[in-house]
Amino acid sequence: MPEEDLVDIKFRLYDGSDIGPFRYSSAATVDMLKQRIVSDWPRGKSVVPKSANEVKLINSGKILENNKTVGQCKVPFGEIAGSIIIMHVVVQPSLAKTKAEKKVDDSPKKVVCSCSIL
């Protein structure tokens, strides 16, 4: 694999800590990056992704799509050859799971009515 096809990427977490840097091919997909993040997630963090679907990657202010390659996500200007690209990681638990975890309040509802007749 030619050296120019390799890209160094560091992943910045919500608390300012980093995972990486790792070297990827320009043909690697965003989904592959997310799977690597989940497998290398540091222990002891309060927020932990359960799967790659809960991870969002942001580069240059854009949320990256799973089917895009690293080469397609690179910003053509502003990146210096041989520099490390920093991608921000956001963990967003799936909506179906968070709804199921919410506590259901079975207490009877109080009906309060106030009327004013003038």
Side-chain angles (χ1 to χ4, degrees):
M1 186 176 314
E3 187 69 26
E4 63 269 1
D5 286 337
L6 296 177
V7 179
D8 290 323
I9 301 175
K10 183 188 304 187
F11 303 102
R12 176 92 11 110
L13 303 181
Y14 63 93
D15 62 355
S17 62
D18 294 328
I19 298 176
F22 301 112
R23 186 162 278 192
Y24 293 97
S25 164
S26 293
T29 63
V30 172
D31 188 53
M32 293 167 68
L33 301 180
K34 289 179 178 184
Q35 291 174 11
R36 175 78 182 257
I37 290 168
V38 171
S39 67
D40 289 349
W41 194 264
R43 298 193 188 278
K45 298 286 183 191
S46 59
V47 177
V48 179
K50 306 272 189 281
S51 69
N53 292 335
E54 293 183 352
V55 175
K56 304 271 187 243
L57 287 179
I58 301 172
N59 185 31
S60 299
K62 295 182 181 177
I63 297 175
L64 306 180
E65 298 173 19
N66 287 346
N67 59 351
K68 298 282 185 179
T69 64
V70 171
Q72 292 171 325
C73 297
K74 285 185 5 179
V75 178
F77 58 91
E79 289 183 7
I80 302 167
S83 66
I84 297 174
I85 298 170
I86 297 176
M87 293 187 180
H88 294 268
V89 179
V90 176
V91 178
Q92 186 176 24
S94 62
L95 215 46
K97 186 175 181 181
T98 56
K99 284 184 179 181
E101 289 179 352
K102 284 187 180 178
K103 211 174 194 180
V104 177
D105 186 16
D106 290 334
S107 62
K109 305 282 184 213
K110 293 182 181 179
V111 178
V112 179
C113 181
S114 82
C115 300
S116 298
I117 300 174
L118 298 174

message = Taking NZ in K62 as the centre, count heavy atoms belonging to other residues, nucleotides or ligands within less than 6.0 Å. Is the count above 12?
response = no

inquiry  = Walk me through whether I37 and L57 qualify under side-chain contact (heavy atoms from CB on, under 4.5 Å).
reply    = CA-CA 10 Å; I37 290 168; L57 287 179; 3.4 Å; yes

inquiry  = Tell me if a side-chain donor or acceptor on Q72 pairs with a main-chain N or O of K68 at a distance below 3.5 Å.
reply    = no

task = Determine, step by step, whether L33 and F11 satisfy the side-chain contact (heavy atoms from CB on, under 4.5 Å) criterion, reporting the C-alpha distance in whole Å, the side-chain angles of both residues, the deciding distance to 0.1 Å, and the verdict.
result = CA-CA 9 Å; L33 301 180; F11 303 102; 4.1 Å; yes

query = Side-chain heavy atoms under 4.5 angstrom apart, residues restricted to Ile, Leu, Val, Met, Phe, Trp, Tyr: same cluster for I19 and M32?
reply = no

task = Following the transitive rule for hydrophobic clusters with a side-chain heavy-atom cut-off under 4.5 Å over Ile, Leu, Val, Met, Phe, Trp and Tyr, establish whether Y24 and V38 coincide in one cluster.
result = yes

request  = Taking salt bridge (charged side-chain N to carboxylate O under 4.0 Å, His left out) as the test, write out the residues that go with D40, two or more places apart.
outcome  = R36

ask   = Hey, what do you get for CD (Q35) to CG (N53), rounding to the nearest 0.5 Å?
value = 9.0 Å

query = Can you tell me how far CG of L6 sits from CZ of R23, rounded to the nearest 0.5 angstrom?
reply = 5.5 Å

remark   = Scanning both residues in full, the closest heavy-atom pair of N59 with I86 reads OD1-O, 3.8 Å

message = Less than 4.5 Å apart, side chain to side chain, heavy atoms only: is that true for L13 and P42?
response = yes

query = So which heavy atom on N66 is nearest to which on T29, and how close?
reply = O-CB, 3.8 Å

request  = Supply the atom-to-atom distance K10 NZ to D18 CG, rounded to the nearest 0.5 angstrom.
outcome  = 4.5 Å

note = Minimal heavy-atom distance between D31 and A52, with the atoms involved, is OD1-CB, 4.4 Å

Chi angles and distances behind the side-chain hydrogen bond (donor to acceptor under 3.5 Å, both in side chains) call for D15, S17 = CA-CA 6 Å; D15 62 355; S17 62; 2.6 Å; yes

task = State plainly whether one hydrophobic cluster holds both Y14 and V48, where clusters connect Ile, Leu, Val, Met, Phe, Trp and Tyr through side-chain heavy atoms under 4.5 angstrom apart.
result = yes

query = Short question: side chain of W41, backbone of V47 - any donor-acceptor pair under 3.5 Å?
reply = yes

ask   = Any donor and acceptor pair, going by atom type alone, linking the side chain of K34 with main-chain N or O of V55 inside 3.5 Å?
value = yes

ask   = Under a 4.5 Å cut-off applied to non-hydrogen side-chain atoms, are T69 and S26 in contact?
value = no

